[in-house]
Amino acid sequence: MTQRLTQEQLAQIVTEVEGLQVRREAELDQQQVREILQELNLPPELLDEALIQLNRRQALEVQQHRNRWITSGVVAFLVILSASTIFFIQRQNSVLSRVSAQQDRITLVSNTGGDLKTISRQTNPEIFYRVTLKDAPLGKKLALSCNWIDPSGQIVKQNSYQTREINTSVWDTQCRYTINPAATVGNWKVQMLLEGRQISDETFEVK
């Protein structure tokens, strides 16, 4: 079946054929090149070696061009990856910066709702620092820690833990420490930190 062409296709074919004809007329065969070299007092016998070198140079230019494109693509990918990482970190930090303590108190094991201010070391009690967080990020797990600080300012105990996945913006959490009979008497402090940022603290007296 004979293929039929539109006027637009015919015009494109004519343009393509004319371009091929011009390029063909501009090309020289090896005999013509040898004659030109002789006219320039250059040795024609070096033509084959010159063609090999030319082909190598052209192949090298093609490879270098391809390498530049690959390098540009890798750099662009790394820039996008870096920007995405920075955006994620900033967004994460923004979410965590909103978390704060709504309420905090010190209790014994039995949580009666009170807030202990004085603790007897002789009873070797285990005390709990209970904190209610607000604006906790839903679907996240928080890295929390507590510092238990004696009257001299020394941290005698550190708790580090990760919460369960948070499912409510108001979240109860706690850390604990056992006061032994040899503990220093005086005013103690406990701090709670969220990824290194202090969000609450409470003082109590050990007698």
Side-chain angles (χ1 to χ4, degrees), residues 67 69-207:
N67 290 342
W69 272 103
I70 293 174
T71 301
S72 299
V74 171
V75 170
F77 171 76
L78 291 176
V79 168
I80 293 173
L81 180 63
S82 177
S84 300
T85 302
I86 292 173
F87 173 77
F88 174 79
I89 292 174
Q90 289 178 339
R91 184 174 179 273
Q92 180 74 2
N93 289 340
S94 176
V95 169
L96 294 180
S97 68
R98 294 196 295 268
V99 180
S100 60
Q102 178 174 288
Q103 182 185 32
D104 64 328
R105 53 199 174 87
I106 295 174
T107 74
L108 297 177
V109 176
S110 57
N111 181 13
T112 60
D115 184 10
L116 289 179
K117 294 299 182 183
T118 303
I119 297 167
S120 173
R121 60 179 181 163
Q122 300 303 323
T123 59
N124 195 36
E126 183 178 41
I127 59 175
F128 288 74
Y129 182 43
R130 304 180 190 272
V131 180
T132 301
L133 304 176
K134 65 178 181 178
D135 296 324
L138 300 179
K140 301 290 184 180
K141 295 180 180 180
L142 297 180
L144 297 172
S145 61
C146 287
N147 294 330
W148 298 87
I149 305 170
D150 69 12
S152 68
Q154 180 181 356
I155 298 176
V156 296
K157 173 69 175 178
Q158 286 184 310
N159 308 115
S160 296
Y161 64 100
Q162 187 179 64
T163 66
R164 301 190 309 275
E165 185 173 301
I166 293 174
N167 55 22
T168 176
S169 61
V170 177
W171 185 263
D172 291 326
T173 188
Q174 64 187 30
C175 52
R176 57 187 177 180
Y177 175 58
T178 300
I179 303 291
N180 64 65
T184 305
V185 297
N187 293 322
W188 285 58
K189 176 186 288 188
V190 57
Q191 302 169 329
M192 179 170 285
L193 302 94
L194 170 58
E195 296 194 355
R197 176 176 67 90
Q198 182 178 323
I199 56 176
S200 67
D201 65 80
E202 190 69 63
T203 59
F204 58 95
E205 182 182 6
V206 173
K207 292 185 176 181

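Positions are given from 1 along the sequence. The analysis underlying the following values was restricted to heavy atoms, covering all of them including side chains, and did not include hydrogens, waters or symmetry mates.
In this structure the side chain of Phe204 never reaches within 4.5 angstrom of the side chain of Asp115, judged on heavy atoms. Side-chain atoms of Asp104 and Thr132, non-hydrogen and from C-beta on, never get closer than 4.5 Å to each other. Between Arg197 and Val99 the shortest side-chain heavy-atom distance falls below 4.5 Å. A heavy-atom distance below 4.5 Å is not found between the side chains of Lys207 and Ser120. Side-chain contact between Leu142 and Pro137: present, with at least one pair of heavy atoms (C-beta onward) separated by less than 4.5 Å. Within the 4.5 Å cutoff, the side chain of Leu193 has no heavy atoms near those of the Leu144 side chain.
Taking every heavy atom of both residues into account, Gln158 and Asn147 meet most closely at NE2-OD1, 3.0 Å. Minimum heavy-atom separation, Glu165 to Trp171: O-CH2, 3.8 Å. Nearest heavy atom pair, residue Thr168 against residue Ile166, reads O-CG2, 3.1 Å. In terms of heavy-atom proximity, Glu202 sits nearest to Lys117 at OE2-NZ, 2.7 Å.
Atoms CD and OG, on Gln102 and Ser169 in that order, are 8.5 Å from each other to the nearest 0.5 Å. In this structure, CD on Gln198 lies 4.0 Å from CD on Gln191, to the nearest 0.5 angstrom. Here the CD1 atom belonging to Ile127 is positioned 8.0 Å from the CG atom belonging to Leu108, to the nearest 0.5 angstrom. Between atom OG1 of residue Thr173 and atom CG of residue Leu194 there is a gap of 10.5 Å, rounded to the nearest 0.5 Å. Taking NZ from Lys134 and CD1 from Ile199, the interatomic distance works out to 11.5 Å, rounded to the nearest 0.5 Å. Annotation: the span from Thr107 atom OG1 to Gln174 atom CD amounts to 7.5 Å, rounded to 0.5 Å.
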Can I get a per-line list of side-chain donor-acceptor pairs under 3.5 Å for residues 175-189, giving both atom names and the distance, sequence neighbours left out?
residue: Asn180; atom: OD1; partner: Ala182; partner atom: N; Å: 2.9
residue: Asn180; atom: OD1; partner: Ala183; partner atom: N; Å: 3.1
residue: Trp188; atom: NE1; partner: Thr184; partner atom: O; Å: 2.8

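A donor-acceptor contact shorter than 3.5 Å is absent between the side chain of Tyr161 and the backbone of Cys146. Remark: the backbone N or O of Asp201 is paired with a side-chain donor or acceptor of Tyr129 at under 3.5 angstrom.
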(message) Please evaluate residues Arg121 and Glu205 with respect to the criterion salt bridge (Lys or Arg N to Asp or Glu O under 4.0 Å), reporting the C-alpha separation (whole Å), side-chain torsions for both, the decisive distance (0.1 Å), and the verdict.
(response) CA-CA 10 Å; Arg121 60 179 181 163; Glu205 182 182 6; over 6 Å; no
